[in-house]
> 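One structure, as structure tokens, below. Some questions next.
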Amino acid sequence: MRKIVVVGASGFVGSAVCKAVSERGHSVQQVRAPRLKHRSDTIPITELAAIQAAVAGSFALVNCAGVPDASGGDLSQLIPANATLPRLLAEVASTAGVRFIHVSSAAVQGRVPILDARTDTSPFSPYSHSKADGERAALSYPETIVYRPPGVHGADREVTKRLIKFAKSRLASVAKPGSANTAQALLDNVADAIAFLATTDASPPSIVSHPSEGLTVQSLLEDLGGKSPLRLPRWFARTIVGCAFHLACVRPGFAGIARRLEILWFGQEQAPSWLTAAGWTPPIARMGWREVAEIYRTQDKLENR
């Protein structure tokens with residue numbers, strides 16, 4: 001049994017990681033994420049001492065903290081949480097000589113045709129810029145392993161709820177033919193992948209991408225909405241997406257929304273992942289997406305009584 005320290009353990013991903021680590025038979029120590037306000041901030045002495053004490057004797061430190069708002073446009077809020085904190089935690093892990101798992105995002109690669117584990121990034125929004133900065137800062141320490149999940153979904157997440165509403169609506173649509181891979185992942189699969197990286201005897205590479213979960217842009221909406229979406233002419237869908245990105249030039253925070261629409265309609269390929277080569281498999285299969293939609297529908301009925 002290994003001791004794994006999780007920073008940001010009360011968050012959407014962090015709480016799921018704690019559960020996944022425990023289910024793998026290891027112990028978890030939860031640590032509250034320090035709240036930094038400026039790029040140049042350091043972790044307050046009392047909080048730093050608590051983190052150092054928690055890390056002592058552990059096998060890995062996992063950073064699940066950060067501002068997850070992909071449509072956020074305020075770098076003054078994004079940078080401290082998504083770039084400064086990872087660097088400071090990587091330094092703590094390096095000093096203690098333990099493995100550091102930094103949970104980043106596939107958004108750092110932007111609009112590339114295929115998501116992979118290359119070090120170069122192509123951020124397109126304030127959020128993706130902050131996450132890319134966090135990767136570079138953390139990777140300056142040799143003990144760091146950056147994990148890049150794609151869009152992470154669960155029944156309680158607002159972006160998932162909005163996606164389910166879209167999938168059920170008359171507007172549900174994809175770009176023809178609808179067979180493109182979509183880079184989306186279920187929360188439990190992401191959490192288990194992180195738990196695997198934090199506890200495996202193998203030596204993961206410095207950057208690990210999440211593998212495809214086998215969904216297409218059409219099958220995702222079918223699973224969540226219970227019906228087939230419209231298939232739009234590609235030229236029409238590309239024109240709408242282009243207009244959305246032009247709007248983002250005026251309102252930077254809109255870039256995240258434009259990118260979500262592009263992924264929703266056109267998808268994005270995913271290269272083979274080290275996780276698959278190392279023997280990891282997602283614990284939740286495609287049926288999990290339908291279960292997420294059913295949980296949402298049940299909750300929605302209860303709330304609207």
Side-chain angles (χ1 to χ4, degrees), residues 1-9 13-28 55 58-64 86 89-90 93-94 96-109 112-121 131 134-136 138-154 181-215 268-289:
M1 185 174 69
R2 286 170 169 163
K3 174 186 171 184
I4 308 299
V5 180
V6 179
V7 176
V13 173
S15 57
V17 169
C18 291
K19 180 174 178 287
V21 170
S22 296
E23 289 177 345
R24 283 181 169 269
H26 302 279
S27 67
V28 178
V55 169
S58 68
F59 184 76
L61 170 63
V62 180
N63 176 37
C64 296
L89 293 176
S94 180
V98 304
R99 180 180 293 177
F100 179 55
I101 311 295
H102 171 54
V103 181
S104 182
S105 169
V108 301
Q109 290 193 286
V112 296
I114 302 176
L115 295 173
D116 55 25
R118 289 179 293 176
T119 57
D120 55 313
T121 58
K131 297 298 284 188
E135 281 195 8
R136 285 191 292 271
L139 286 170
S140 64
Y141 295 89
E143 293 80 6
T144 295
I145 299 167
V146 166
Y147 166 64
R148 290 176 179 164
V152 184
H153 293 276
N181 177 79
T182 184
Q184 312 286 347
L186 288 168
L187 172 62
D188 287 347
N189 290 340
V190 167
D192 191 70
I194 296 169
F196 178 83
L197 290 171
T199 60
T200 181
D201 288 328
S203 298
S206 57
I207 299 178
V208 177
S209 61
H210 190 84
S212 170
E213 296 197 3
L215 290 168
Q268 192 170 24
E269 294 299 318
Q270 292 167 268
S273 169
W274 178 89
L275 285 164
T276 304
W280 178 83
T281 56
I284 308 298
R286 178 177 170 180
M287 184 61 69
W289 291 94

> Which residues pass the side chain to side chain donor-acceptor pair (under 3.5 Å) test with Ser104, sequence neighbours left out?
Glu135
> Rounded to the nearest 0.5 Å, how far does NE2 of His26 lie from OG1 of Thr199?
4.0 Å
> Ser58: which residues meet the side-chain contact (heavy atoms from CB on, under 4.5 Å) condition with it, sequence neighbours left out?
Lys3, Val5, Val55, Val98
> What distance separates Thr119 OG1 from Leu139 CG, expressed to the nearest 0.5 Å?
8.5 Å
> Enumerate the salt bridge (Lys or Arg N to Asp or Glu O under 4.0 Å) contacts for residues 193-211, please, sequence neighbours excluded, ordered by first and then second residue.
Arg2-Asp201
> Would you say the side-chain atoms of Glu143 pair up with the backbone N or O of Gly97, donor to acceptor, closer than 3.5 Å?
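Flag not set: sc Glu143 to bb Gly97 has no pair under 3.5 Å.
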> Which residues pass the side chain to side chain donor-acceptor pair (under 3.5 Å) test with Gln109, not counting sequence neighbours?
Asp116
> Considering residues at least two apart in sequence or located in another chain, which fulfil the side-chain contact (heavy atoms from CB on, under 4.5 Å) criterion with Ala185?
Pro150, Val190, His210, Glu213
> Please identify each residue that fulfils salt bridge (Lys or Arg N to Asp or Glu O under 4.0 Å) with Glu23, with sequence neighbours left out.
Lys19
> Provide the full list of salt bridge (Lys or Arg N to Asp or Glu O under 4.0 Å) pairs with a residue in residues 276-289, sequence neighbours left out, each pair given once.
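Listed by first then second residue: Asp223-Arg286.
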> Hey, can you pull the donor-acceptor pairs under 3.5 Å for the side chains in residues 277-285, sequence neighbours left out?
{"residue": "Trp280", "atom": "NE1", "partner": "Asp192", "partner atom": "OD2", "Å": "2.7"}

> Please list, chain by chain and in numerical order, all residues satisfying side-chain contact (heavy atoms from CB on, under 4.5 Å) with Ser273, sequence neighbours excluded.
Val208, Ser209, Pro211, Leu275, Thr276
> Just by distance, do the side chain of Thr144 and the backbone of Ala138 share a donor-acceptor pair under 3.5 Å?
yes
> Could you work out, with side chain to side chain donor-acceptor pair (under 3.5 Å) as the rule, every residue matching Asp120, not counting sequence neighbours?
none
> Could you pull out the closest heavy-atom pair between Ala195 and Arg24, with the gap in Å?
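Nearest heavy atoms, Ala195 then Arg24: CB-CD, 3.8 Å.
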> Measure the NE2-CD1 distance between His102 and Ile145 for me, rounded to the nearest 0.5 Å.
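If we round to the nearest 0.5 Å, His102:NE2 and Ile145:CD1 are 12.5 Å apart.
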> If only atom types and distance count, is the side chain of Ser94 paired as donor or acceptor with the main-chain N or O of Ala90 below 3.5 Å?
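Side chain of Ser94 to backbone of Ala90: no pair is present.
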> At what distance, to the nearest 0.5 angstrom, does SG of Cys64 lie from OH of Tyr147?
10.0 Å
> Report yes if some heavy atom in the side chain of Arg148 is under 4.5 Å from a heavy atom in the side chain of Leu115; otherwise report no.
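The answer is no, as the side chains (C-beta and beyond) never meet within the 4.5 Å cut-off.
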> Side chains of Val28 and Val17, heavy atoms from C-beta outward: is any pair under 4.5 Å?
no
> Quick one: list whatever passes side-chain contact (heavy atoms from CB on, under 4.5 Å) with Ala198, sequence neighbours left out.
Ile4, Ala60, Val62, Ile101
> Do the non-hydrogen side-chain atoms of Arg99 and Thr200 ever get within less than 4.5 Å of each other?
yes
> Looking at every heavy atom in both Arg136 and Thr121, which two are closest together, and how far apart are they?
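Result for this residue pair: NH1-OG1, 3.5 Å.
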> I'd like to check Val103 versus Asn63 (side-chain heavy atoms, cut-off strictly below 4.5 Å). Are they in contact?
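No, too far: nothing below the 4.5 Å cut-off.
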> State which residues pass side chain to side chain donor-acceptor pair (under 3.5 Å) with Asp188; sequence neighbours excluded, sorted by chain then number.
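Scan of Asp188 (side chain to side chain donor-acceptor pair (under 3.5 Å), adjacent residues dropped) gives none.
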